[in-house]
J.: 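Attaching a single structure in structure tokens format; questions to follow.
These numbers were taken from a predicted model, which means no experiment stands behind them. No hydrogens, no waters, no symmetry mates; every other heavy atom, side chains included, goes into these values.
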Amino acid sequence: MSDPTTPHPPQAPGDGQLPVAAPVTVADYAAPAGPMPVAPVPAGRELRARDRWLWVWPLVTLVIMVAVGMLWGSLGTFLSGVVVVAVLVLYVGDEVLQPGHRLAVTGLAVVLIALAWLGYQRGVPFFSPVSTGPGVTADSTAGSSPPDLRGRTLTAGDLEGVNLRGAQLAGAVLDGLDLHGVDLSGARAPGASFRGANLDRARLNDADLRGADLREACLYGAELRRVDLRGADATNADVTDVVADESQLKRAASWPREGTGRRCGAG
């Protein structure tokens, strides 16, 4: 007979016998040595820091458009709106927009900017509004619209009693007219002709004179602050004591040195 106190080695279970489990030790209850594995967060689920500030974008867009519009009118408002919206779409939608969509948004923004600039260069009314800068106050255009004299050949009678502040004069002909001391601030006159006109001490601040013909005109003491003179021709004009931005004078197609043209002003 075997001794009951003698341990027997574990036996393989036979028919009708249950397997003998391994003894449980203290190590089985110990915490794992390493950190518990964490399930990965699906891509795109986590809120990015910049996404938490999306509510600020409409306010920023509005402030930028208003500020730029005050400086450059409707052209500035339109361009700033296109740029800000395009940047917002590309910046926020970088994870959901396909490369082709991002390219389409960029291309559309470029096309809109090019069309707006082309409209400004060609004098389209929406993109070439009457200036509301320092040269033209709100009171000057309040109550009545600036006269639209585009493309007309004007006489002294046509201008009698007419307020020319902010006037639309694109392509108009004012050759030889006496405009002494007249306020033409903010006038839109691209391609207009002032050949031989008397603009002695006239105020043309903030005016658009792109491509204007100022040959032999009297500009004695005239004010041309912030005027756009790109392509303007002032050959043989009297520019004595003209008040103008030097950078703008350099953009004219032809601008005489002071004292080289014919004298016409009243000293």
J.: Between D175 and S193, is any side-chain donor less than 3.5 angstrom from a side-chain acceptor?
T.: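 A pair is found: one side chain offers a donor N or O, the other an acceptor, under 3.5 Å apart.
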J.: Do L229 and L249 touch side chain to side chain, with heavy atoms closer than 4.5 Å?
T.: yes
J.: Decide whether L159 and V173 are clustered together by the hydrophobic rule: side chain heavy atoms of Ile, Leu, Val, Met, Phe, Trp, Tyr closer than 4.5 Å, transitively.
T.: no
J.: Show the nearest heavy-atom pair for residues A189 and A212, with the distance to one decimal.
T.: O-CB, 4.2 Å
J.: Can you find a pair of side-chain heavy atoms, one from V82 and one from I113, that are under 4.5 Å apart?
T.: yes
J.: Where the side chain of D238 meets the backbone of Y220, is there a donor-acceptor pair that is under 3.5 Å apart?
T.: no
J.: Check for a donor-acceptor pair, side chain of D228 on one end and backbone N or O of R230 on the other, with a separation under 3.5 Å.
T.: yes
J.: Below 3.5 Å, can you tabulate the donor-acceptor pairs from side chains in residues 83-90 to any protein atom, sequence neighbours excluded?
T.:
none

J.: Could you report the tightest heavy-atom contact between P256 and A237, atom names first, then the distance?
T.: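 Shortest heavy-atom contact: CG-O, 3.5 Å.
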J.: Is D206 close to V227 at the side-chain level, that is, under 4.5 Å between some pair of heavy atoms?
T.: no
J.: Checking side chain to side chain donor-acceptor pair (under 3.5 Å) for the pair H180/D200: CA distance, chi angles, key distance, verdict?
T.: CA-CA 5 Å; H180 169 78; D200 177 20; 3.1 Å; yes
J.: Please report the shortest heavy-atom distance between P146 and G166, naming the atom on each side.
T.: CB-O, 3.1 Å
J.: Between the main-chain N or O of R210 and the side-chain N or O of D208, is there a donor-acceptor pair closer than 3.5 Å?
T.: yes
J.: Quick one: do L177 and L174 satisfy side-chain contact (heavy atoms from CB on, under 4.5 Å)? Show the steps, please.
T.: CA-CA 6 Å; L177 295 184; L174 300 92; 3.8 Å; yes
J.: Mind checking whether L103 and L112 sit in one hydrophobic cluster, side chains of I, L, V, M, F, W, Y counted as touching below 4.5 Å?
T.: no
J.: Does a side-chain heavy-atom distance below 4.5 Å link R152 with D158?
T.: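 With C-beta onward as the side chain, the pair touches.
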J.: Within this structure, what is the CG-CG distance for the pair D178 and N198, rounded to the nearest 0.5 Å?
T.: 4.5 Å
J.: Is there a path of hydrophobic side-chain contacts, each under 4.5 Å between heavy atoms of I, L, V, M, F, W or Y residues, that connects L224 with L179?
T.: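 Yes, L224 connects to L179 through the hydrophobic network.
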J.: For the residue pair F194 and D213, establish whether any side-chain heavy-atom pair is separated by less than 4.5 Å.
T.: no
J.: Looking only at atom types and distance, does a side-chain atom of N205 sit under 3.5 Å from a main-chain N or O of R225, one as donor and one as acceptor?
T.: yes
J.: Determine whether V243 and L219 fall in the same hydrophobic cluster, where Ile, Leu, Val, Met, Phe, Trp and Tyr are linked whenever their side-chain heavy atoms lie under 4.5 Å apart.
T.: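 Per the 4.5 Å side-chain linkage, V243 and L219 are not co-clustered.
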J.: Where do L164 and A187 come nearest, in terms of heavy atoms and distance?
T.: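 Smallest interatomic distance, heavy atoms only, reads O-CB, 4.3 Å.
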J.: If only side-chain N and O atoms count, and only distance matters, is there a donor-acceptor pair under 3.5 Å linking S247 with D245?
T.: no
J.: Excluding sequence neighbours, so at least two apart, what forms salt bridge (charged side-chain N to carboxylate O under 4.0 Å, His left out) with D148?
T.: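 With sequence neighbours excluded, D148 shows a salt bridge (charged side-chain N to carboxylate O under 4.0 Å, His left out) to R150, given in chain and number order.
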J.: In chain order, what residues pass the salt bridge (charged side-chain N to carboxylate O under 4.0 Å, His left out) check against R195, with sequence neighbours excluded?
T.: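 With sequence neighbours excluded, R195 shows a salt bridge (charged side-chain N to carboxylate O under 4.0 Å, His left out) to no residue whatsoever.
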J.: Any sub-3.5 Å donor-acceptor pair from D233's side-chain atoms to T235's backbone N or O?
T.: yes
J.: Kindly work out whether a path of hydrophobic side-chain contacts (I/L/V/M/F/W/Y, heavy atoms less than 4.5 Å apart) joins L108 to F78.
T.: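 Yes, L108 connects to F78 through the hydrophobic network.
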J.: Which distance, rounded to the nearest 0.5 Å, do you find between the CD of Q248 and the CG of L209?
T.: 10.0 Å
J.: Does any part of the side chain of V111, heavy atoms only, come nearer than 4.5 Å to the side chain of L115, both counted from C-beta?
T.: yes
J.: As a quick check of understanding, evaluate side-chain contact (heavy atoms from CB on, under 4.5 Å) for L204 and D183, giving each step before the final call.
T.: CA-CA 7 Å; L204 293 119; D183 191 354; over 6 Å; no
